[in-house]
There are 2 protein chains.
Amino acid sequence: MADPEIPPPPWQRLPDRSSRKRREPISRDAIVAAAIGLLDREGLSALSMRRLGEELGAGAASLYWHVGSKDGLLDLVLDELIGEVEVPDPDPARWQQQLKETARSQRRVSLRHPYLVRVSIGRIPMGPNALRVTEGTLAILRAGGLSPRLAVQGYLLLIDTVNGFTVDETGVEDGGAPQLPPEELQKVADMARDYIASLPPEQFPNMTDLAGEFAFSDPDERFEILIDIFVDGLARRAAAR
Amino acid sequence: MADPEIPPPPWQRLPDRSSRKRREPISRDAIVAAAIGLLDREGLSALSMRRLGEELGAGAASLYWHVGSKDGLLDLVLDELIGEVEVPDPDPARWQQQLKETARSQRRVSLRHPYLVRVSIGRIPMGPNALRVTEGTLAILRAGGLSPRLAVQGYLLLIDTVNGFTVDETGVEDGGAPQLPPEELQKVADMARDYIASLPPEQFPNMTDLAGEFAFSDPDERFEILIDIFVDGLARRAAAR
DNA sequence: GGTCTAGTCAAACACTGTTCGATGGTTGGT
DNA sequence: ACCAACCATCGAACAGTGTTTGACTAGACC
C-alpha cells in the first residue's frame with residue numbers, strides 16, 4: 001500500500017475535498033430564513049442564488065433541491081413575511097377600528113421589509129400564513145355585517161389599497177441599500193420640490209403653487225387619511241340599503 | 001486600381017460590411033416607439049436591449065448612444081404612455097365626476113399596456129406628459145375647493161390607489177404573453193375557487209363560505225366601488241371643517 | 001459486504017445590461 | 001481637393017444572472 005503521508009503527484013488532479021462535505025444539510029426553512037436576512041440587510045437586488053448559497057456555506061445548485069426555483073423561494077419568502085402581519089379577533093362593535101389596525105399592521109410589515117411589496121407583485125399569496133390573514137380579515141368584515149359580495153370586494157380592495165400605498169412609499173430604494181437614509185430621502189424630496197417650483201407658472205400654476213406641499217406631505221398622515229376614507233366609505237356602503 | 005468587380009480573396013478576412021452601415025440613423029423617439037411596440041406585443045420580459053436592437057435593425061450597443069441605459073429607456077417609455085391618459089379641463093361643478101374620469105382613463109391605459117404599472121414602480125414620473133397629467137389633476141382638485149394640503153395628499157393617494165388596483169389586476173401575466181387570454185384567466189380563477197372551497201371549514205369558515213364570491217368578483221364593479229369610496233371620502237373630508 | 005438514495009456541487013448553458021475600441025459616414029474649414 | 005473633427009454604429013468582451021446536468025459522496029437499509 002502507498003504511504004498516505006506521500007502526497008499524490010500534482011498531475012493526477014485528484015478532486016479537492018478540502019472545502020466540501022461537512023454539512024449538516026441545509027433545510028428549506030434555513031434557506032428561507034437566510035434569504036430574508038439577506039434581503040433585509042442588502043435589498044432585493046442583492047438576492048441571487050449564488051450569493052444566497054455562499055451565505056449558507058453551500059453551492060448555488062444545492063438550493064434547487066430544496067426550493068425548486070428562485071420563484072419558488074420567493075413564494076416561500078412572501079408567505080413567511082405575511083406571517084408577520086397581525087389581525088385581531090373579530091369584535092362586531094369595533095370592526096372599523098379593527099380593519100384599520102390590520103391595515104396599519106400590513107403597512108408596518110411592508111416598511112420593515114421594503115422589498116416585500118415588490119416581491120408580492122404577480123404572486124397570489126396562498127400559503128398557510130396568507131390563508132390565516134385572509135380568513136381573519138374576512139371575519140372582521142363579516143362581523144361588520146357586510147354582505148358576502150361586499151366583504152370579498154372590500155377585502156380585495158383593502159389589500160390593493162394598502163399595497164398601492166406602500167409600493168410607492170418603499171419604491172425609491174434598492175440601489176443596494178435596503179432603504180436609503182432619511183437625509184438622502186429628504187434631499188431627493190427637496191430636489192423634486194425645487195424642480196417643481198422652477199416650472200413656468202403660466203403653464204403649471206397649480207404645481208408651482210403647491211410645490212411646498214409636495215415637499216412637506218407626510219406619509220403617515222396620508223396613510224391615515226387613506227384608511228379613514230376607505231373604511232368609512234366601506235361602512236357607509238354597507239349601511240346603505 | 002483594383003477592379004471593384006473582383007471579390008477580395010477570402011483569406012484576407014476583410015470586415016463584413018454587408019449588414020452594416022445603411023441606416024437612416026435611429027432616433028430616440030424611434031427607439032421608444034419600438035420598445036412600446038415590443039412590450040405591447042410580447043410583454044415586459046421580452047424587452048432586452050439586444051432584442052430591441054434587432055427589432056430596429058441595429059446593434060444593441062447603438063441604443064446606448066441615444067437612451068443611456070435601459071433604465072433611461074424605461075423612463076422615456078413611462079412618460080410616453082402617461083401621455084395617453086386623458087384629464088378633462090376643470091369644471092368646479094363636476095369635479096367629482098371629473099376625478100373619477102381621470103382615474104378610469106388611467107386604468108384604461110394601464111390595461112392597454114399591462115406592463116405599465118410594473119415599469120412605473122420605483123420611478124418618479126417627471127417627464128413632460130407626467131407634468132401635464134399632474135397639473136391637470138391638481139387643477140380639478142383645487143376646482144373642487146380642496147385645501148392645498150388635501151389637494152396634494154388626495155392627488156398622491158389617487159395615483160397610489162389606482163396603481164394598487166391595476167398592479168393587482170395586471171399582475172398575473174407575462175409568462176411571455178402580454179396578457180393571458182380570458183379563458184386561461186378564468187381557469188386560474190376556478191382553480192383558486194376550488195382550492196379555497198376545499199379548505200377545512202372549521203378552520204376557514206369565512207373563506208369556504210365565500211369561495212363562490214371570490215370566483216365571481218367583478219374587477220370593473222370593484223374598481224367603481226373603489227373610486228366611489230375614494231372620491232366620496234375626499235369630498236366629505238373637504239366639506240368637513 | 002453491498003445496494004440504494006438523499007443531498008451536494010463544479011461546470012456548463014443561455015441569457016442579461018453595459019463598456020470599449022475600432023470603424024465608418026458626414027460635415028465644415030481651409 | 002484635402003483633412004480633420006465629429007456623430008453614430010457595432011462586434012467583442014465582461015461580469016453577472018437563473019437553471020440543468022452529471023458526477024459524486026455520506027449515511028441508511030438489507
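Chain letters run A, B, ... following the sequence lines, proteins first and then strands; every chain starts at 1. None of these values were measured; they are calculated from a predicted model.
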Value in whole Å for how far the [atom2] atom of [N] lies from [atom1] of [X]:
X       : N      : atom1 : atom2 : result
B/Tyr64 : D/dC7  : OH    : P     : 22 Å
B/Asp71 : C/dG17 : CG    : C1'   : 11 Å
B/Lys70 : C/dT19 : NZ    : P     : 14 Å
B/Leu63 : D/dC10 : CG    : P     : 9 Å
A/Ile26 : C/dC9  : CD1   : P     : 7 Å
B/Met49 : D/dT9  : CE    : P     : 13 Å
A/Arg51 : D/dT17 : CZ    : C1'   : 14 Å
A/Leu47 : D/dG16 : CG    : P     : 16 Å

Along DNA chain C (nearest heavy atom to each residue), the more 5'-positioned of A/Trp65 and A/Arg50: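 Its nucleotide being nearer the 5' end, the pick is A/Trp65.
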
Any donor-acceptor pair under 3.5 Å from B/Arg123 side chain to B/Leu74 backbone: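 Flag not set: sc B/Arg123 to bb B/Leu74 has no pair under 3.5 Å.
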
Side chain A/Glu135, main chain B/Asn206, donor-acceptor under 3.5 Å: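 Present.
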
Options D/dG18, C/dT8, C/dC9, nucleotide nearest the side-chain atoms of A/Ala61: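 Looking only at side-chain atoms, A/Ala61 lies closest to C/dC9.
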
B/Gln106 side, atom CD; B/Ser110 side, atom OG - distance, nearest 0.5 Å: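 Result: 6.0 Å between the selected atoms.
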
N or O in side chain of A/Ser62 less than 4.0 angstrom from C/dG7 OP1/OP2: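 No, outside the criterion.
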
Phosphate-side-chain proximity, A/His66 and C/dA6, N/O vs OP1/OP2 below 4.0 Å: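 So the side chain of A/His66 is outside the cut-off, no N or O lying under 4.0 Å from OP1 or OP2 of C/dA6.
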
Sugar-phosphate only, base, or nothing, as touched by A/Leu73 at under 4.0 Å among non-hydrogen atoms: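 Counting heavy atoms under 4.0 Å across all strands, no contact is made by A/Leu73.
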
Ion pair check, A/Arg107 and A/Glu169, cut-off under 4.0 Å: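 A salt bridge links A/Arg107 with A/Glu169.
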
